[in-house]
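Written out below as C-alpha cells is the structure these notes cover.
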Amino acid sequence: MQVWKFGGTSVGKPERMHSIRTLITADKGRKIVVLSALSGTTNALLSMGESAKMGNDAELAQKIVDLRTHYQVFIQELYSTPESLAKGQNIVESEFSFIQSVTSLRPFTLKQEKELVAQGELLSTQLFQAYLEEQGESSVLLPALDFMLIDADQEPVLSFTEEKLGEMLRQHTNKQLVITQGFICRNPRGEVDNLKRGGSDYTASLIGGAIRAEEIQIWTDIDGMHNNDPRVVKKTFPIRELAFEEAAELAYFGAKILHPSTITPAKLRGVPVRLKNTMEPAAFGTLIADNTSDRDIKAIAAKDGITAIYIHSTRMLNAYGFLRRVFEIFEKYKTPVDMITTSEVSVSVTIDNPEHLDEITAELAQFADLEEHDRDQTIICIVGNFSADKEGIALKVLEAMKAIPIRMISYGPSEHNISLLVHAKHKAEALNALNERLFHYEDAMKGIFTAP
Ligand code: ADP
Ligand code: ASP
Ligand code: MG
C-alpha cells in the first residue's frame with residue numbers, strides 16, 4: 001500500500017481535484033490519500049481567529065462570508081450531478097455553521113483556534129470524498145482525529161496510529177482508496193490539535209511509517225526538492241535522489257517543500273519518500289531513500305528567525321561541566337539548539353524558538369557572561385556527501401561567501417551538513433552567491449532530461 005499526499009495548491013481548484021482523481025485511479029495500487037486544506041483556507045481560518053480574539057465581530061463576519069462564498073463557487077464546478085452538488089452544499093453549510101459558532105465563543109482561546117483551523121482539512125476531504133462517490137470510485141473517508149495523536153510534548157504517537165489505523169483499514173479492505181486529513185490530530189486531553197503549519201507532509205509520513213507503506217508520495221506544485229530555494233534564487237533545479245539524512249537536514253533547515261519532521265518516521269521504518277509535481281506528473285521529481293549518490297554538494301536551504309546566544313565561562317580555562325550546565329538549561333525550557341560552536345572558554349548556540357529566551361538568559365547569567373543576543377539571523381545549510389576524505393568543499397563554500405559576514409560556522413558533526421549563520425539581511429545574497437559557486441546549472445539541467 002502507498003500513501004499519497006496532496007498539498008494546498010494541488011487541491012485548491014475544482015479542476016485540480018479532478019486531476020487528482022485521475023492520478024490516484026490511473027495507478028492501480030490500493031492507497032491512502034492524505035489531503036491538505038484548499039490553498040488559502042488555513043490562513044483565512046487563522047485570520048478569522050485573530051478577529052475573534054480581538055472581538056472584531058464585523059471583520060470576522062465578513063471573513064466568514066468571503067470564505068463561504070469561495071466554497072459555494074468551488075462546489076458548483078466540482079460536481080456534475082445535482083445530487084452531489086446538494087451533498088456538497090450540505091457539507092459546506094454544516095462546516096460553516098460550526099465555524100460560525102466556534103468563532104462566536106468569548107474568550108476565544110487556543111483550544112477554539114485549533115478547532116477552527118482543523119475545518120480546512122475537514123472540508124477538503126469531505127468534498128473530495130463526495131466527488132469520488134459521484135464518480136463511482138471505491139473509496140472511504142477515515143477521520144484522522146480517530147488515529148492521529150500527539151503526546152504531552154507534542155510528539156506524534158506512532159504506535160497509536162499503527163494500532164488504530166491498522167484496525168480501521170482491516171474494516172475496509174474492500175476499498176481501493178482511503179481518504180484522510182493531513183495536519184490534524186488529537187492531544188492527550190482529547191482535544192483537536194495539529195502538527196503545526198505544513199503538517200500534512202508529516203501526517204503522510206507518520207501514516208506511511210505506521211502501516212509500513214511501500215512508498216510515501218508527496219504531491220505538490222514543484223517538480224521535487226530543488227538544489228536551492230526557488231523563491232529566492234532563480235537558477236535552481238530538481239535533485240533526483242537524496243539520502244534520508246540529506247532530505248531531513250534540508251527540511252529541518254528551511255526547505256519549505258517538506259515539513260521539518262517529515263523524514264523522521266519514513267527513515268525510522270525505511271519507507272522511501274517520493275516528491276512529485278501535481279501540475280507535471282511525468283516529471284521524475286525526487287526520490288528520498290537509504291542510498292545516496294556520491295556527488296559532493298547537493299543542495300542548500302535557509303532557516304529564518306534564528307537567535308544566536310553567546311556564552312562565556314566565568315571560570316575560564318579547562319572548566320569541565322560548563323557545557324553540561326549550559327545544555328541543561330535549554331533542556332529545562334524544552335528549547336532545541338540548532339547550531340553550536342565552541343572555543344576554549346566560550347560557546348555560541350542558536351535557537352529558533354525564543355519563547356523562553358528571557359528565562360534561559362537569566363539562568364545562564366548565574367554562571368556565565370553573556371554577550372548581547374543576535375536576533376533576526378539565518379542559518380544557511382549546505383547539504384551533501386562530505387566525508388572527511390573529500391577535499392576543497394569548505395574552501396568552495398567560503399570562497400562563495402567571501403563578501404558576506406559570517407557569524408558562526410559548523411562543519412563536521414555529520415557528513416551531510418555545513419551550516420553558516422548570517423544576518424537575515426544577507427540571506428538572498430548568500431544563497432545566490434553559493435548557487436553560482438557550488439552548482440553548474442546548465443550541466444544540471446542537461447542531466448534532468450537525460451537518463452540518470
Ligand atoms: P504544499 O501546499 O503542496 O504543501 P508548499 O508550499 O508547502 O506546498 O511547498 C512547496 C513550495 O516549497 C514550492 O512551491 C517552493 O516555492 C517551496 N520551496 C522552498 N524550498 C524549496 C526547495 N528546496 N525545493 C523545492 N521547493 C521549495
Ligand atoms: N493546511 C495546513 C497548513 O496550511 C497543513 C498543510 O498544508 O500541510 O499549514
Ligand atoms: Mg506544505
Side-chain angles (χ1 to χ4, degrees), residues 4-13 16 20 34-47 49 67 113-114 116-125 144 148 180-185 192-207 216-240 242 246-262 273-280 283 285-286 288 297-304 378 380-384 427-428 431 434-435 439 444:
W4 288 22
K5 174 259 172 177
F6 292 90
T9 30
S10 305
V11 292
K13 298 215 168 99
R16 297 258 157 82
I20 289 181
V34 177
L35 300 188
S36 293
L38 275 54
S39 51
T41 295
T42 305
N43 286 345
L45 292 167
L46 286 170
S47 162
L67 194 66
E113 184 184 273
K114 287 180 169 166
L116 174 64
V117 78
Q119 303 312 308
E121 272 70 12
L122 292 169
L123 267 163
S124 65
T125 46
M148 293 297 296
T180 193
Q181 299 86 16
F183 180 57
I184 62 176
C185 61
V192 175
D193 213 313
N194 62 64
L195 303 173
K196 311 238 169 71
R197 295 306 305 268
S200 299
D201 303 327
Y202 198 16
T203 303
S205 180
L206 287 160
I207 292 178
I216 297 157
Q217 298 196 353
I218 310 277
W219 290 78
T220 182
D221 58 2
I222 190 164
D223 50 355
M225 177 73 82
H226 277 221
N227 70 310
N228 206 330
D229 192 331
R231 295 165 301 176
V232 182
V233 175
K234 276 208 187 81
K235 289 183 168 180
T236 65
F237 52 84
I239 308 162
R240 294 182 75 103
L242 282 169
E246 293 166 340
E249 299 267 10
L250 289 169
Y252 185 73
F253 285 106
K256 191 200 168 214
I257 187 172
L258 289 177
H259 177 284
S261 308
T262 309
V273 178
R274 200 181 283 277
L275 310 183
K276 294 284 289 178
N277 188 350
T278 315
M279 325 301 156
E280 215 184 308
T286 299
I288 302 164
I297 298 176
K298 288 198 176 159
I300 303 173
K303 186 173 180 181
D304 300 320
T378 294
I380 311 265
C381 171
I382 298 132
V383 164
K427 167 181 158 178
L431 289 183
L434 287 162
N435 211 60
F439 301 103

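In this text, all values refer to a predicted model and were calculated from it rather than measured experimentally. Residue numbers start at 1 and run along the sequence shown. Whatever order the structure lists ligands and atoms in, that order sets their numbers, starting from 1.
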Taking only heavy atoms of Arg197, which atoms of ligand 2 are found under 4.0 Å from at least one of them?
->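 Within the 4.0 Å cut-off of Arg197, ligand 2 contributes 3 (C), 4 (O), 9 (O).
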Per-atom contacts, ligand 2 versus Ser36 - under 4.0 Å to a heavy atom |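 Result: 6 (C), 7 (O), 8 (O).
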Closest non-hydrogen protein atom to atom 6 (C) of ligand 2, residue and atom name please, with distance?
-> Ser200 OG, 3.3 Å
Any donor-acceptor N/O pair, Thr278 side chain to Thr220 backbone, under 3.5 Å =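 A pair under 3.5 Å: yes.
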Using atom types as modelled and distance alone, determine if a side-chain donor or acceptor of Thr203 lies under 3.5 Å from a backbone N or O of Gly199.
->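 Checking the backbone N and O of Gly199 against the side chain of Thr203, a donor-acceptor pair under 3.5 Å is found.
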Rounded distance [0.5 Å steps], [atom1] in [X] versus [atom2] in [Y]:
X	Y	atom1	atom2	result
Ile184	Thr125	CD1	OG1	7.0 Å
Lys427	Ile380	NZ	CD1	7.5 Å
Asp223	Ile239	CG	CD1	11.0 Å

Using a cut-off of 6.0 Å, state whether more than 12 heavy atoms not belonging to Lys13 lie near its atom NZ.
-> no
Passes side chain to side chain contact (heavy atoms under 4.5 Å, CB included), Glu113 versus Leu46? Steps please.
-> CA-CA 7 Å; Glu113 184 184 273; Leu46 286 170; 4.1 Å; yes
Amino acids in close contact with ligand 1, where any non-hydrogen atom sits under 4.0 angstrom away |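 Lining ligand 1: Lys5, Gly7, Gly8, Thr220, Asp221, Ile222, Gly224, Met225, His226, Asn228, Asp229, Pro230, Arg231, Ala255, Lys256, Ile257.
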At a 4.0 Å cut-off, with the gap strictly under it, does some heavy atom of [X] reach an atom of ligand 2?
X	answer
Gly198	yes
Gly199	yes
Glu121	yes

Taking atom types as modelled and ignoring hydrogens, do the side chains of Thr236 and Asn227 form a donor-acceptor contact shorter than 3.5 angstrom?
->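 Looking only at side-chain atoms, Asn227 and Thr236 do not form any donor-acceptor pair under 3.5 Å.
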Heavy atoms only: give me the nearest Leu45-Gly120 pair and the separation to one decimal.
->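 Taking Leu45 first and Gly120 second, the nearest heavy atoms are CD1-N, 3.4 Å.
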